[in-house]
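Below is one structure. I have some questions about it.
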Amino acid sequence: MNILIIGAGGREHALAWKLAQSPQLDSLFIAPGNAGTATVGTNVAIGVEDFEGIKQLVLDEGIDLVVVGPEAPLVAGITDFFKADPLLHGVPVIGPSKAGAELEGSKNIAKVFMREYDIPTGQFCTFIDYTVAEGKAYLAELKPPYVLKADGLAGGKGVLIIDNLEEAQQELENMLKGKFGEASKKVVVEEHLAGIELSVFVLTDGEGYVMLPEAKDYKRIGEGDTGLNTGGMGAISPVPFADKAFLKKVEERIVKPTIEGLKDREIDYKGFIFIGLMNKGGDPYVIEYNVRLGDPETEVVLPRVKTDMVELLKATAEERLSEMEVELDERTVSTVMLVSGGYPGTYEKWKDISGLDQVEGSVVFHAGTKPEDGKVLTSGGRVIAVSSYGDNMKEALAASYKNAEKIQFEGKYYRSDIGFDL
Ligand code: AMP
Ligand code: GLY
């Protein structure tokens with residue numbers, strides 16, 4: 001089988017690493033990929049939203065299946081583009097249609113979906129510019145802290161959690177006036193859920209589904225979960241408090257009604273669902289849906305999947321997922337993200353990375369790197385994810401940290417407290 005992965009981050013390198021282990025794989029292409037994906041497949045310099053460029057590549061290389069990593073091409077309709085094209089419609093895309101991608105592309109659509117299918121989530125109400133007065137009154141009825149969410153994609157920055165009522169009311173107005181551009185022309189005001197977060201990953205073919213390992217990620221830049229939000233600074237799987245009974249609740253109360261809801265609405269959805277959850281007193285509540293795998297969660301989730309991933313993706317395309325079992329590695333996997341100094345603010349790129357050949361006992365996934373003249377250069381804020389297995393979290397993290405020390409580039413920073421709250 002010839003497979004094309006769309007994307008350029010640690011998630012895509014982890015996908016490429018996993019798919020490359022399958023005896024069913026013939027050729028693997030990654031568009032655009034990074035220095036890590038280049039070691040397991042062929043990178044092609046085509047942007048993730050360049051649908052015409054992707055089409056040409058699929059036809060030239062005889063691609064049999066496409067896996068979409070990030071949300072942007074899904075929200076832009078890459079799956080529908082394939083379906084509508086007479087030359088491409090036989091090539092399955094792992095990733096939902098545009099209608100399915102709206103579960104991530106619009107917080108309001110996701111919340112309305114959850115309400116319609118009785119999926120546990122916080123109370124909410126959505127406002128637009130001419131209902132700002134109603135929005136402020138709604139805030140006044142809620143208890144602090146106040147949660148304000150830009151409806152559209154805002155690069156992970158569109159959620160504000162504010163303690164003070166007047167400030168929250170002012171921010172609601174600012175958001176509706178365009179604080180996050182088009183994304184905040186609509187704002188979801190949501191009940192605050194107190195608890196501990198985790199994420200659950202599901203692969204569905206629209207009828208059946210399989211549960212993949214759960215994970216917990218660390219989004220803030222600073223130790224002890226302080227400072228600015230990032231794409232993710234590290235992750236752990238399994239999550240110790242997510243025992244069998246809790247995960248059963250997630251499956252029964254959230255996963256099944258989500259898939260039933262998609263079917264009921266006749267939404268074409270073959271792909272991953274990433275459910276952000278709050279564990280509130282032992283009960284799961286949905287914070288958000290993402291229509292893809294997480295990054296850096298994938299760097300701990302896929303190393304725990306023993307089943308052949310090409311087989312799972314083929315079964316997804318052929319609607320045979322309900323026949324599949326996923327075998328898991330019972331060990332713990334941790335990942336620690338090495339980032340550029342200054343990230344998530346401004347940072348410098350194109351720094352030489354050394355020490356990658358010294359790594360022992362971890363798997364290195366490239367997040368933001370570029371190969372050049374035999375060297376590996378930094379090309380993003382998140383640079384390298386160091387993933388490790390262990391019999392427990394402590395062992396896994398010790399291996400990740402030992403190797404994190406060996407990899408060098410100017411300005412390197414990482415959090416040394418991943419897993420501190422578990
Ligand atoms: P989101 O972009 O929806 O994942 O929100 C970003 C982060 O804000 C989440 O990972 C949570 O930490 C927090 N958050 C979002 N919604 C809520 C909520 N209703 N209650 C508590 N925290 C929330
Ligand atoms: N790590 C969070 C995300 O991928 O959205």
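Order of appearance sets the numbers: ligands from 1, and atoms from 1 within every ligand. Small disclaimer: the values here were computed from a predicted structure and weren't measured. Numbers here are sequence positions counted from 1.
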What protein heavy atom sits nearest atom 3 (O) of ligand 1, and how far off is it?
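Looking only at protein heavy atoms, the one closest to atom 3 (O) of ligand 1 is Lys107 NZ, 3.0 Å.
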List ligand 1 atoms under 4.0 Å from Met278, heavy atoms only on the residue side.
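Near Met278, the atoms of ligand 1 are 21 (C), 22 (N).
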Angle class for the Phe81/Phe51 ring planes (parallel below 30°, perpendicular above 60°, tilted otherwise)?
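Tilted: the ring planes of Phe81 and Phe51 meet at 30° to 60°.
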Where's the contact between Val159 and ligand 1, heavy-atom distance under 4.0 Å: side chain, backbone, both or neither?
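Only the side chain of Val159 comes within reach of ligand 1.
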Is it the side chain (CB and beyond), the backbone, both or neither of Asn229 that lies under 4.0 Å from ligand 1, heavy atoms counted?
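It is neither; nothing of Asn229 touches ligand 1.
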Measure across Gly7 and Ile30 and return the closest heavy-atom pair with its distance rounded to 0.1 Å.
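That closest heavy-atom pairing would be O-CG2, 3.6 Å.
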Applying salt bridge (charged side-chain N to carboxylate O under 4.0 Å, His left out) to Lys177 and Glu173, what does each step give before you reach the verdict?
CA-CA 6 Å; Lys177 280 186 178 152; Glu173 190 172 328; 2.9 Å; yes
Less than 4.5 Å apart, side chain to side chain, heavy atoms only: is that true for Phe82 and Val91?
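Yes, at least one pair of side-chain atoms sits under 4.5 Å.
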Would you mind finding which of Asp225, Ile161, Leu153 brings a heavy atom closest to atom 13 (C) of ligand 1?
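Checking each option, the heavy atom nearest atom 13 (C) of ligand 1 is found in Ile161.
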Give the numbers and elements of all ligand 1 atoms closer than 4.0 Å to a heavy atom of Glu190.
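In order of number, 16 (N), 18 (C), 19 (N).
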Indicate the ring-plane relationship of Tyr117 and Phe113, choosing parallel, tilted or perpendicular according to the 30° and 60° boundaries.
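Correct class here is tilted.
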Could you label the plane-to-plane angle of the His13 and Phe365 rings as parallel, tilted or perpendicular, counting under 30° as parallel and over 60° as perpendicular?
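The arrangement is perpendicular - the two ring planes meet at more than 60°.
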Counting heavy atoms only, name the option from Lys219, Gln123, Glu197 that's nearest to atom 12 (O) of ligand 1.
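Going through Lys219, Gln123, Glu197 one by one, Glu197 has the nearest heavy atom to atom 12 (O) of ligand 1.
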Using every non-hydrogen atom in the two residues, find where Ile384 and Thr369 come nearest and quote the distance to one decimal.
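Heavy atoms only, the tightest pair is CD1-CG2, 4.0 Å.
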Between ligand 2 and the protein, tabulate every N or O atom pair separated by less than 3.5 Å, reporting distance only.
residue  : atom  : partner : partner atom : Å
ligand 2 : 1 (N) : Asp217  : OD2          : 3.0
ligand 2 : 1 (N) : Gly231  : O            : 3.1
ligand 2 : 1 (N) : Asp295  : O            : 2.9
ligand 2 : 1 (N) : Glu297  : OE1          : 2.9
ligand 2 : 1 (N) : Glu297  : OE2          : 3.2
ligand 2 : 4 (O) : Arg292  : NH1          : 3.1
ligand 2 : 4 (O) : Asp295  : N            : 2.9
ligand 2 : 5 (O) : Arg292  : NH1          : 3.4
ligand 2 : 5 (O) : Arg292  : NH2          : 2.9

Relative to the heavy atoms of Leu193, which atoms of ligand 1 are at a distance of less than 4.0 Å?
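Result: 18 (C), 19 (N), 20 (N), 21 (C).
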I'd like to check which ligand 1 atoms, numbered from 1 as shown, lie under 4.0 Å from a non-hydrogen atom of Lys149.
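Within the 4.0 Å cut-off of Lys149, ligand 1 contributes 3 (O), 15 (C), 16 (N).
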Identified salt bridge (Lys or Arg N to Asp or Glu O under 4.0 Å) partner of Asp225 from the options Lys219, Arg415, Arg220:
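With Asp225 as partner, salt bridge (Lys or Arg N to Asp or Glu O under 4.0 Å) holds for just one option, Arg415.
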Just by modelled atom types, is the Met337 backbone N or O under 3.5 Å from a matching donor or acceptor in the Arg382 side chain?
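A pair under 3.5 Å: no.
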Heavy atom of the protein closest to atom 1 (P) of ligand 1 (residue, atom name, distance):
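So the nearest neighbour among protein heavy atoms is Glu288 OE1, 3.4 Å.
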Protein heavy atoms near atom 7 (C) of ligand 1, is at least one of them under 4.0 angstrom away?
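No; the ligand atom in question lacks any protein heavy-atom contact below 4.0 Å.
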Test item: Glu297 side-chain N/O and Asp295 main-chain N/O as donor-acceptor pair under 3.5 Å
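Here the side-chain-to-backbone pair exists.
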Inter- and intrachain pairs under ring pair (Phe, Tyr, Trp, His ring centres under 6.0 Å), touching residues 129-178, at least two apart
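Every ring pair (Phe, Tyr, Trp, His ring centres under 6.0 Å) pair that includes a residue of residues 129-178, provided the two are not neighbours, is Phe127-Tyr138.
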